[in-house]
Amino acid sequence: FSNLNDSMVTGFSILWKNWWIRGILTLAMISVFFLIIYLGSFMLMLLVLSIQVKCYHEIITIGYRVYHSYDLPWFRSLSWYFLLCVNYFFYGETVADYFATFVQRREQLQFLIRYHRFISFALYLTGFCMFVLSLVKKHYRLQFYMFAWTHVTLLITVTQSHLVIQNLFEGMIWFLVPISSVICNDITAYIFGFFFGRTPLIKLSPKKTWEGFIGGFFSTVVFGFIFSYFLAQHQYFVCPVEYNSETNRFVTECEPSELFQMKKYSVPPLLQAVLGWETVNMYPFQMHSIALSTFASLIGPFGGFFASGFKRAFKIKDFADTIPGHGGIMDRFDCQYLMATFVHVYITSFIRGPNPSKLLKQLLILQPEQQLSVYKTLKSHLVEKGILQPSLRG
Amino acid sequence: CSELSAGAVRGAGKSRESESENKLDAETASDSESKSEFGGSAPVPTSDDTPEVLNRALSNLSSRWKNWWVRGILTLAMITFFFIIIYLGPMVLMTIVMCVQIKCFHEIITIGYNVYHSYDLPWFRTLSWYFLLCVNYFFYGETVTDYFFTLVQREEPLRILSKYHRFISFALYLTGFCMFVLSLVKKHYRLQFYMFGWTHVTLLIVVTQSHLIIHNLFEGMIWFIVPISCVICNDIMAYMFGFFFGRTPLIKLSPKKTWEGFIGGFFATVLFGLLLSYVMSGYRCFTCPVEFNNDTNSFTVDCEPSELFQLQEYNIPLVLQSVVGWKTVRMYPFQIHSIALSTFASLIGPFGGFFASGFKRAFKIKDFANTIPGHGGIMDRFDCQYLMATFVNVYIASFIRGPNPSKLIQQFLTLRPDQQLHIFNTLKAHLVDKGMLGSLEDA
């Protein structure tokens, strides 16, 4: 009897212990998140980069284990080399735009920027040729599998992390609200499932339930709505991140765009009866936050199912053991990747047009005759629209 | 006969797979492992697909010569076909590129099915073709809108499709992604993930490069013809030099290639490129960018040739003067670029071929498919071309032209007024700086 009692007690305490560890680590991660936000955009960029490198490392390590390719040392060098190449390419394409004034001043950087695509392609080709030269007789298939595995991983982790950084530069709110919505959906879906869960959602993840899914959806939308209300009031979150060449720092200071200015909305008659108000003061951004939260709750989980399927396919329990109780970094970020792409596509389609600084950079590369003709076209357009006074000389 | 064997292989594959799904870490994919689940089956037999006509005509010759003749005839047929297509114009060329792309995709995906015995999961074929459609839609939308700008702006449904193009493409892709997740079946997870990865890598290789080819084509048909011809020439020349002078093997992957063939092919291709560009630079239909004429609703190639295609005097370096005997030579600047293109085609292009050879050895197939008698599949002919297309595109973007001014104006018009003003003023300051805009403002 005492044995049974002991095992019951230890079993029970193990369950609680696991729960406590998960809880503490969750709070720790959220605190780190807030700390980094406080420290500013540059730290956030570094954080995103570190996470990307770690996710890449985790997935590649799984590939090594699956294919027992530790014995072919070229792969590790090649995989890291390809990661470097692709990162170089993306950072050059995006970062160069934001640091335009900084770059204009330095000769060598100008050369690198001007021929950036060619240099990146040359670097990639070197890696490709190294791969071809490294093919060893009995290991062709293995090497091709690792080559493909590397490329698919790059496609998933590196491109999406760069989209995250681009969203960040649009304004920290475009970085914070989506990520928080995904985290909130995770947590609230878990809680709803814990208390009300009955109907299983999908065979892939037996722990998920429809009650959790729907409950998580509604709570995330409400959370996103309220959270954006608070963030939209501060310039720190709302303004595009710009690099100030004089102070050599990132600044977030601007005239808030109309998305972040309070507007009166008439409440539709349906809701009027429920809420009792006729009009409500809201930020237009909050409308967008509903779209973001909806995506986070309905489509985001598919990223999680994809990762679950992947883990079952390769018979691994977690991606890695980095975070006690939670698994690897990839385990925490699997839903985020789809979100980052969605936010980026959303912004480019509905919020803003092309990036002005990038446009300017391209204008300055043109041939002088082309610049002159473009200048004339622009001038006539601006005069037509009344933005420019025709009588003034300029 | 082939169906029977395929069926037997499929059945064996299924039982092997369910047994191996229970294995934990005993996962090896090396070639020597015959009971691995990755299809250690015999290579797909390449049946003799030569058309009856040729068979009868060549029945007298011995089989070795017959093979050589078949290859030769088909080579000439393909080259003739190539010339016909060029003659027919850009629209037909675009269609041909599209067909080649689809066929290559089909070939590589079929190999994946053979390797993974995944005929039984019908979702894959649908999903693979669906993803091909999505990615093509995305790329065609991005490029076509630029060239057909006025046409698109006029038609209301097209305008909306173009404005929200990225969002629509992303939504289409996501649908495919969610369908994939929902289609995951319990015992076949790994297989499905492999096919998913295989599809995406194939898309990356085949679709992106075919769109780069079309980009190059729009830049001017010469940017399409010269690179492709250089790769073909290098193939043929390297083969001939290797045939006559070949002695030192080049790389273990392709035992038939030799250093003599490689170097001979290099010099021959550079020379060929110089001559071909000299001939082509004289014609406007090759050197002008392809434009869509809104009034006639067709493609036109009519323009003032850029300075790349105007004869210039070049001083021959002293070293060559004694050899050649001339002091100056009249050349098109484009010919200098053609040297760069030919060099790439001869030195780096073959790596694409080695990659494909390694791929074929890795998956134990002799050819990608049996489409062309004597040559194999379409992929076999185009494996060196893909690297070339990307190189030409990057080369053009880096060294030849800058961004497209009309595209820039389009983007400018979508900005907010204050952003427009800011850019206008910066541009003006820059032009004044350069002395292009004096104090007299006449625009």
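Everything quoted here is computed from the prediction, not taken from an experiment. Below, all heavy atoms of this structure are taken into account, side chains as well, without hydrogens, waters or symmetry copies. Note on naming: letters A, B, ... go to the chains in the order of the sequence lines (proteins, then strands), and numbering restarts at 1 for each one.
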Checklist entry - To the nearest 0.5 Å, what is the distance between NZ (Lys137(A)) and CZ (Arg361(B))? => result 7.0 Å
Item to check | is_close_aromatic(Tyr189(B), Phe314(A)), centroid dist under 6.0 Å | outcome: no
Next on the checklist: So for Phe196(B), is it side chain, backbone, both, or neither that comes closer than 4.5 Å to the heavy atoms of chain A?
Outcome noted: side chain
Checklist outcome for this item: Of the listed Tyr115(A), Phe306(A), Phe305(A), the one with the largest count of heavy-atom pairs under 4.5 Å with chain B is Phe306(A)
Item to check | Proximal component of Phe193(B), with respect to chain A [non-hydrogen, under 4.5 Å] | outcome: side chain
Next on the checklist: Counting only heavy atoms not in Lys257(B) (residues, nucleotides, ligands), do more than 12 fall under 6.0 Å from its NZ?
Outcome noted: no
Checklist entry - Between Thr390(B) and chain A, which part of the residue has a heavy atom less than 4.5 Å away: side chain, backbone, both or neither? => result both
Next on the checklist: Please rank Ile202(A), Leu155(A), Thr341(A) by heavy-atom pairs under 4.5 Å with chain B and give me the top one.
Outcome noted: Thr341(A)
Let me have the donor-acceptor pairs involving side chains of residues 166-183 of chain B, under 3.5 Å, with sequence neighbours excluded, atom names and distances please.
unit_1    : atom_1 : unit_2    : atom_2 : d
Arg166(B) : NE     : Glu142(B) : OE2    : 3.4
Ser169(B) : OG     : His165(B) : O      : 2.8
Tyr173(B) : OH     : His200(B) : NE2    : 2.7
Thr175(B) : OG1    : Ala171(B) : O      : 2.7
Ser183(B) : OG     : Phe180(B) : O      : 2.8

Checklist entry - What's the shortest heavy-atom distance between Gly197(B) and Val152(A), and which atoms? => result O-CG2, 4.2 Å
Item to check | Contact summary for Arg117(A) and Ser398(B), nearest pair of heavy atoms | outcome: CB-OG, 4.4 Å
